[in-house]
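One structure is given here, and the rest of the page talks about it.
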Amino acid sequence: MDENLKTPLHIGLIMDGNGRWAKKRLLPRSAGHKAGMNAMIRLAEHAQKRGVKYMTVYVLSTENLTGRPQDELDGIFKLLREYFASNVKKLYKKNARVKVIGDISALPQDIVRLLKEGEDNSPAGAEFTLVFAINYGGRADIVNAVNRAIEGGKKLDEKGFASLLYTADIPDPDFIIRTGGEIRTSNFLTYQAAYAELYFTDVLFPDFSEGEFDKALQNFSERERRFGKI
Ligand code: IPE
Ligand code: IPE
Ligand code: MG
């Protein structure tokens with residue numbers, strides 16, 4: 001990789017295509033989610049190596065939680081349990097922390113506990129943050145923030161409003177990658193992504209390798225970000 005590449009500070013990753021990946025192999029959808037989780041673990045490590053500081057992975061949307069069959073959700077919960085009970089420690093060892101965004105109160109209680117422990121046991125002063133978006137919706141994020149603003153009883157500017165979102169202490173994503181071929185953002189970081197560069201690829205998430213990730217980084221680096229200026 002070219003050392004002079006502009007590296008995104010915060011990547012949002014819409015990890016789509018697990019189900020189709022499994023179907024192609026005549027495997028159950030749960031096998032696709034398992035392969036997707038393994039891909040996510042590899043990519044988080046790789047992103048940190050490339051100098052990215054934050055990566056938000058879209059694990060489960062608010063729509064997924066109500067819209068997927070219970071056995072599929074149970075499979076995803078199992079993967080989260082495994083990750084937060086053991087795998088997360090490998091991330092800590094690399095001086096990285098985890099953070100969770102979304103309404104986790106709707107998840108099984110033991111998972112809520114594991115997620116909180118995962119955050120609490122994270123190293124202080126970590127150089128990389130892996131953000132898990134779980135039962136996350138961009139609209140729900142905004143509506144929560146509006147309700148908190150009303151409770152606060154004061155008019156807010158953009159900075160004040162952003163401080164009420166789930167992502168209060170992390171910078172806006174500058175690059176959003178979606179695998180799996182759909183050209184939409186499906187309720188992901190709706191407010192925060194106002195000026196993000198978007199990258200769509202047909203590659204199904206379990207096949208999204210470090211090489212594909214580097215291709216996306218190269219593409220980001222070649223973009224001119226104007227922010228309304230000329
Ligand atoms: C993304 O993969 C993971 C989740 C939404 C939980 P999908 O499960 O949506 O995979 P496809 O889109 O059916 O292939
Ligand atoms: C988006 O994928 C959500 C996640 C990747 C977690 P979906 O598969 O749920 O999105 P739609 O339904 O195609 O928009
Ligand atoms: Mg999908």
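Counting starts at 1 for both ligands and their atoms, in listed order. Along the sequence shown, residues are numbered consecutively beginning with 1. What you see below is based on every heavy atom in this structure, not just the backbone, and it leaves out hydrogens, waters and symmetry mates.
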- When you check the side-chain N and O atoms of Arg148 and Asn144, is any donor under 3.5 Å from an acceptor? no
- Item | Given Ile101, Asp103, Asn187, the one that forms side chain to side chain contact (heavy atoms under 4.5 Å, CB included) with Tyr136 |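 In the set Ile101, Asp103, Asn187, the residue that makes a side chain to side chain contact (heavy atoms under 4.5 Å, CB included) with Tyr136 is Ile101.
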- Query: With no hydrogens and no angle check, is any side-chain donor or acceptor of Arg178 less than 3.5 Å from a backbone partner on Thr201?
  - Reply: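 Such a contact is absent between Arg178 side chain and Thr201 backbone.
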- Message: I'd like to know if the side chain of His10 and the backbone of Pro171 have a donor-acceptor N/O pair within less than 3.5 Å.
- Response: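 Yes; judged by distance alone, with no hydrogens or angles, the pair exists.
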- Looking only at heavy atoms, is any part of Lys23 under 4.0 Å from ligand 1, and if so is it the side chain, the backbone, or both, or is it neither?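 The answer is neither.
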- Query: Under 6.0 Å between the ring centres of Phe132 and Tyr58?
  - Reply: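 Ring centres of Tyr58 and Phe132 not closer than 6.0 Å.
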- Item | Salt bridge Glu127-Lys53, side-chain N to carboxylate O under 4.0 Å |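 The answer is no: the pair does not qualify as a salt bridge.
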- Is there a side-chain contact between Gln70 and Glu72 (heavy atoms, below 4.5 Å)?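 The answer is no, as the side chains (C-beta and beyond) never meet within the 4.5 Å cut-off.
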- Mind jotting down which protein residues get a heavy-atom contact under 4.0 Å with ligand 2? Chain and number order, please.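 These residues qualify: Ile14, Met15, Asp16, Tyr58, Val59, Leu60, Asn64, Arg68, Arg178, Arg184, Ser186.
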- Starting from the Mg ion (ligand 3), look over the N/O/S atoms of Asp16 and name the nearest one. OD1
- Give the numbers and elements of all ligand 1 atoms closer than 4.0 Å to a heavy atom of His33. 3 (C), 6 (C), 8 (O)
